[in-house]
Amino acid sequence: FLGELGYDSMVPSYFYDAGGICYINFAYSQDGVICYPDLIQVGVSLDSGRVTYLNAEGYLNNHTARELSATLSLEQASALLPLPSLEEGRLCIVPSQGENELLCYEFLCADENGRHYLFYINAKTGDDEVIFILIEDQNGTLTV
């Protein structure tokens, strides 16, 4: 659907179900790096499978070619995590305070109680930039 509209290289990130509509967040992928500011949200009716909602504001406002050079390796960034990673990390672009963007490594981690977190380690400085708690249930996944 997105490719037909000219939105190429979009990958799904998270989804949630609300009122019979499955909302799926897609982010642009540049050379395998997920660009979260270039977000498109699509709503699909669970009854008919028809697209009922499209919000491409993030993509339209932010999409551009980006410089993607990391100083830290994936292994160096992984060593900075406070919790064990559940899967191999990946490079991504995340928005920062103001109108800037940061190249980060994204890691899915879990604490001793099984709660999932997303950690974003700056790929140039090694700083913790963002930490999200994942709220996961039968309706999908949201970040807090």
Side-chain angles (χ1 to χ4, degrees), residues 1-19 21-46 49-111 113-144:
F1 172 77
L2 291 175
E4 290 174 7
L5 295 176
Y7 298 113
D8 295 319
S9 300
M10 303 301 293
V11 296
S13 57
Y14 293 99
F15 73 91
Y16 64 96
D17 172 14
I21 305 294
C22 181
Y23 293 94
I24 308 161
N25 292 324
F26 292 88
Y28 177 71
S29 176
Q30 179 183 323
D31 300 324
V33 177
I34 305 301
C35 301
Y36 285 117
D38 298 8
L39 192 70
I40 297 178
Q41 188 176 62
V42 177
V44 179
S45 169
L46 295 174
R50 297 185 62 185
V51 173
T52 60
Y53 178 81
L54 174 69
N55 182 343
E57 184 177 349
Y59 182 94
L60 295 172
N61 288 333
N62 299 303
H63 183 65
T64 187
R66 294 169 170 93
E67 175 65 34
L68 301 174
S69 61
T71 304
L72 296 177
S73 70
L74 177 65
E75 293 76 22
Q76 289 170 316
S78 179
L80 299 171
L81 292 170
L83 295 172
S85 183
L86 298 177
E87 56 191 38
E88 185 173 346
R90 65 180 177 183
L91 276 172
C92 65
I93 298 286
V94 296
S96 69
Q97 298 296 330
E99 296 183 18
N100 299 313
E101 296 179 340
L102 300 168
L103 181 64
C104 292
Y105 287 101
E106 175 184 61
F107 296 96
L108 175 63
C109 299
D111 66 15
N113 297 317
R115 176 169 258 178
H116 292 151
Y117 298 83
L118 287 174
F119 284 87
Y120 294 87
I121 305 294
N122 190 303
K124 295 184 186 224
T125 66
D127 293 336
D128 289 340
E129 295 293 350
V130 183
I131 301 170
F132 288 117
I133 300 171
L134 296 182
I135 307 299
E136 302 165 298
D137 64 20
Q138 69 278 3
N139 293 320
T141 304
L142 296 174
T143 58
V144 179

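These figures come from a predicted structure and were not determined experimentally. All residue numbers refer to positions in the sequence shown, counting from 1.
Between L91 and L74 there is no side-chain heavy-atom pair separated by less than 4.5 Å. Side-chain contact between N122 and L103: absent, with no pair of heavy atoms (C-beta onward) separated by less than 4.5 Å. Residues V11 and I34 are in side-chain contact: their nearest non-hydrogen atoms beyond the backbone lie under 4.5 Å apart. At a threshold of 4.5 Å between non-hydrogen side-chain atoms, the residues V42 and L2 count as touching.
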Checklist line | Derivation of the side chain to side chain donor-acceptor pair (under 3.5 Å) call for N55 and Q41 | finding: CA-CA 5 Å; N55 182 343; Q41 188 176 62; 5.4 Å; no

Next item on the list: Starting from the C-alpha separation in whole Å, work towards a yes-or-no answer on side chain to side chain donor-acceptor pair (under 3.5 Å) for Y36 and E106.
Entry: CA-CA 11 Å; Y36 285 117; E106 175 184 61; 2.8 Å; yes

Next item on the list: Could you give me the CA-CA distance, side-chain angles and deciding distance for N100 and L102, then say whether side-chain contact (heavy atoms from CB on, under 4.5 Å) is met?
Entry: CA-CA 7 Å; N100 299 313; L102 300 168; 5.7 Å; no

Note to self: Applying side-chain contact (heavy atoms from CB on, under 4.5 Å) to L54 and L5, what does each step give before you reach the verdict?
What the structure shows: CA-CA 11 Å; L54 174 69; L5 295 176; 3.8 Å; yes

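Checking side-chain atoms of Y105 against main-chain N and O of L72 turns up a donor-acceptor pair under 3.5 Å. With hydrogens and angles disregarded, a donor-acceptor distance shorter than 3.5 Å links the side chain of D111 to the backbone of R115. A distance-only check finds a donor-acceptor pair linking the side chain of S73 to the backbone of Q76 [under 3.5 Å]. For S13 (side chain) and N25 (main-chain N/O), a donor-acceptor pair under 3.5 Å exists by modelled atom type. Listed for the N62 side chain is a donor-acceptor partner under 3.5 Å among the backbone atoms of P37. Using a distance-only test at 3.5 Å, with no hydrogens or angles considered, no donor-acceptor pair links the side chain of E4 to the main chain of F1.
For residues 116-134, no residue pair satisfies the salt bridge (charged side-chain N to carboxylate O under 4.0 Å, His left out) rule, not counting sequence neighbours.
Taking OG1 of T64 as the reference point, atom CD of Q30 lies at 8.5 Å (rounded to 0.5 Å). The CD1 atom of I24 lies 12.5 Å from the CD1 atom of I40; values are rounded to the nearest 0.5 Å. Atom CG of L134 and atom CG of D137 lie 11.5 Å apart (nearest 0.5 Å). Atom SG of C109 is separated from atom NE2 of H116 by 9.5 Å, given to the nearest 0.5 angstrom. One finds the OG atom of S45 at 4.5 Å from the CD1 atom of I21 (value rounded to the nearest 0.5 Å). Here CZ of F119 is found 7.0 Å from CG of L81. Values are rounded to the nearest 0.5 Å.
A ring-ring contact (aromatic ring centres under 6.0 Å, His included) with Y23 is found for one member of Y16, F15, Y14 and no other, namely Y16.
Taking the six-membered ring where the residue is Trp, Y28 and H63 present perpendicular rings, their angle passing 60° and hence far from 30°.
Taking every heavy atom of both residues into account, E87 and S85 meet most closely at O-OG, 2.6 Å. Nearest heavy-atom pair across C104 and Y120 is CB-CB, 4.1 Å. Looking at every heavy atom in both residues, A110 comes nearest to L86 through CB-CD1, 3.8 Å. Contact record, I121 with L80: CG2-CD1, 3.9 Å, taken as the closest heavy-atom pair.
Note: Y7 and Y59 meet the aromatic proximity criterion, with ring centroids under 6.0 Å apart.
Classification of D31 and R66 as a salt-bridged pair fails, no side-chain N sitting under 4.0 Å from a carboxylate O.
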